[in-house]
Amino acid sequence: MTPQRIARRTAAAVDAAVGAGRDLGLTVTDPRVLHDLFSVVVHLAPAPVVARIPTVLPPATGLDALARRQRAELDVARWLADRGTPVIPPSPLVAQEPVRRDGLSMTFWQYVEEDRGAEPDYVANSEITADLHAALRAYPGRLSFLSAAEPEFITESLARLAVRPDLIGPADLDRALREWQVLAPLVRSRAAFEEAFPGIDVQPVHGDSPPANVFRGVDGHRYADFELITSGPVEWDLAALGPGLASAYDRGARHNGMRPLNDDVLRFVNTVWMLRAVASLTLVPQLPVLEGYLKPALDQWRTMPFAGGVAAR
């Protein structure tokens with residue numbers, strides 16, 4: 001993707017969001033892009049509504065599968081908001097359902113003003129992730145086990161990378177394939193996970209690194225971006241963040257009467273996250289800037305024990 005094609009993709013997403021918003025009865029005269037990476041996020045000003053339009057997706061992700069994921073996200077965000085948990089809620093001005101337009105599927109959220117002067121505090125964010133987990137424990141929605149790991153995406157991407165030596169070398173790909181052979185059964189099956197890690201409880205979790213997805217609003221911090229909401233061990237939400245942030249989470253866990261993070265499970269989820277990073281190399285042609293984000297993760301992965309030590313247990 002050239003910069004020109006990426007710009008056209010962004011413009012098409014904005015046009016689709018503006019058109020959909022107007023069809024829903026919103027007044028939109030000054031749309032403004034707030035964020036553009038995997039999704040285009042647009043403030044449909046002057047309406048107090050933000051549209052989020054996923055634009056960089058695995059090739060096998062169809063609109064039906066995307067809409068199912070978006071419905072789960074809307075449902076959990078609405079449920080948390082109704083119970084007083086600080087989240088960015090779905091917009092009350094439109095139906096809280098995914099909307100399709102021009103080959104895209106989008107969701108609509110309440111506009112919350114960002115505190116642009118606030119620096120992210122990942123230690124504090126990790127500690128309050130335990131508050132989110134405590135709130136999510138009672139969520140009644142049905143969630144698939146570790147769907148946030150996107151096992152089909154990993155499997156298909158590793159196969160595609162076999163013909164993309166420009167993206168990954170043969171030694172790295174061989175290691176990824178062998179690690180995935182060990183770990184995939186524990187990702188795909190809750191029973192297999194529980195047999196491997198007895199006594200580790202499973203519950204609803206954010207799914208996409210909540211310490212990095214705490215929105216800094218002028219009225220306080222809010223949890224955001226539940227598009228990978230899943231069922232799994234709480235360790236999944238602290239994967240790949242390092243021991244300092246894990247210790248911060250444990251402080252929050254103690255405050256909420258919850259167990260601390262388990263080191264064995266952390267090693268497992270850390271490795272699965274790294275395999276998702278390897279798989280994400282297949283998205284680099286759609287989003288070239290992604291390669292720069294992935295390189296440090298892959299460098300770290302090469303220093304880690306094979307399969308997080310699971311094979312040796």
Side-chain angles (χ1 to χ4, degrees), residues 6-28 30-58 61-81 85-116 120 132 141 147-148 150 153 206-210 212-217 221-230 280 283 286-287 289-290 293:
I6 293 173
R8 288 197 295 270
R9 181 175 68 195
T10 300
V14 172
D15 289 345
V18 169
R22 288 172 176 165
D23 286 349
L24 292 168
L26 301 176
T27 298
V28 185
D30 188 24
R32 181 166 59 97
V33 174
L34 304 176
H35 184 72
D36 183 3
L37 194 63
F38 290 97
S39 296
V40 178
V41 181
V42 188
H43 178 201
L44 300 177
V49 178
V50 170
R52 186 165 75 236
I53 314 100
T55 54
V56 177
L57 295 163
T61 302
L63 289 183
D64 289 341
L66 177 58
R68 285 193 295 272
R69 193 169 78 183
Q70 290 171 318
R71 287 190 186 95
E73 178 187 18
L74 289 164
D75 186 71
V76 73
R78 179 174 53 240
W79 183 86
L80 287 167
T85 302
V87 297
I88 296 180
S91 171
L93 301 180
V94 300
Q96 295 175 17
E97 280 284 322
V99 173
R100 292 187 188 183
R101 188 181 178 96
D102 301 339
L104 299 166
S105 182
M106 65 195 76
T107 49
F108 295 89
W109 302 85
Q110 180 178 306
Y111 175 73
V112 177
E113 187 176 353
E114 183 179 8
D115 181 358
R116 296 186 176 275
L132 175 62
S147 58
E150 299 180 297
F153 169 57
H206 180 280
D208 191 18
S209 193
N213 278 302
V214 173
F215 180 84
R216 303 177 300 280
H221 292 183
R222 298 171 182 241
Y223 306 106
D225 295 344
F226 289 85
E227 54 195 330
L228 293 181
I229 185 74
T230 191
S280 295
L283 302 178
Q286 293 186 64
L287 189 65
V289 69
L290 183 60
Y293 291 108

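Just so you know, these numbers come straight off a predicted model, no measurement behind them.
Between the side chain of R69 and the backbone N or O of D64 there is no donor-acceptor pair closer than 3.5 Å. Of the possible donor and acceptor atoms, one in the side chain of S91 sits under 3.5 Å from a partner among the backbone N and O of L93. Put simply, the side chain of T10 gets close to the backbone of I6: a donor and an acceptor are under 3.5 Å apart. Side-chain atoms of Q96 never come within 3.5 Å of backbone atoms of L74 as a donor-acceptor pair (strictly under, hydrogens ignored). A donor-acceptor pair under 3.5 Å is formed between the side chain of Q70 and the backbone N or O of S105.
Side-chain contact between V40 and H35 is absent, with no heavy atoms from C-beta onward closer than 4.5 Å. Counting only heavy atoms from C-beta outward, the side chains of L37 and L287 approach each other to under 4.5 Å. Looking at heavy atoms from C-beta onward, V33 lies in side-chain contact with V14 at the 4.5 angstrom threshold. Residues L80 and F226 are in side-chain contact: their nearest non-hydrogen atoms beyond the backbone lie under 4.5 Å apart.
T107 and E73 share no donor-acceptor pair across their side chains, judged by distance under 3.5 Å alone.
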Exercise for review: Before giving the answer on ring pair (Phe, Tyr, Trp, His ring centres under 6.0 Å), spell out for Y223 and H206 the whole-Å C-alpha distance, their side-chain angles and the decisive distance to 0.1 Å.
Suggested key: CA-CA 9 Å; Y223 306 106; H206 180 280; 8.0 Å; no
Point to revise | Step-by-step salt bridge (Lys or Arg N to Asp or Glu O under 4.0 Å) determination, E114 to R222 | key: CA-CA 10 Å; E114 183 179 8; R222 298 171 182 241; over 6 Å; no
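By the ring pair (Phe, Tyr, Trp, His ring centres under 6.0 Å) test, H43 is found to be paired with Y111, residues two or more places apart in sequence or in another chain being considered.
Residues D15 and R101 are not paired through a salt bridge, judged by the lack of any N-O separation under 4.0 Å between the basic side chain and the carboxylate.
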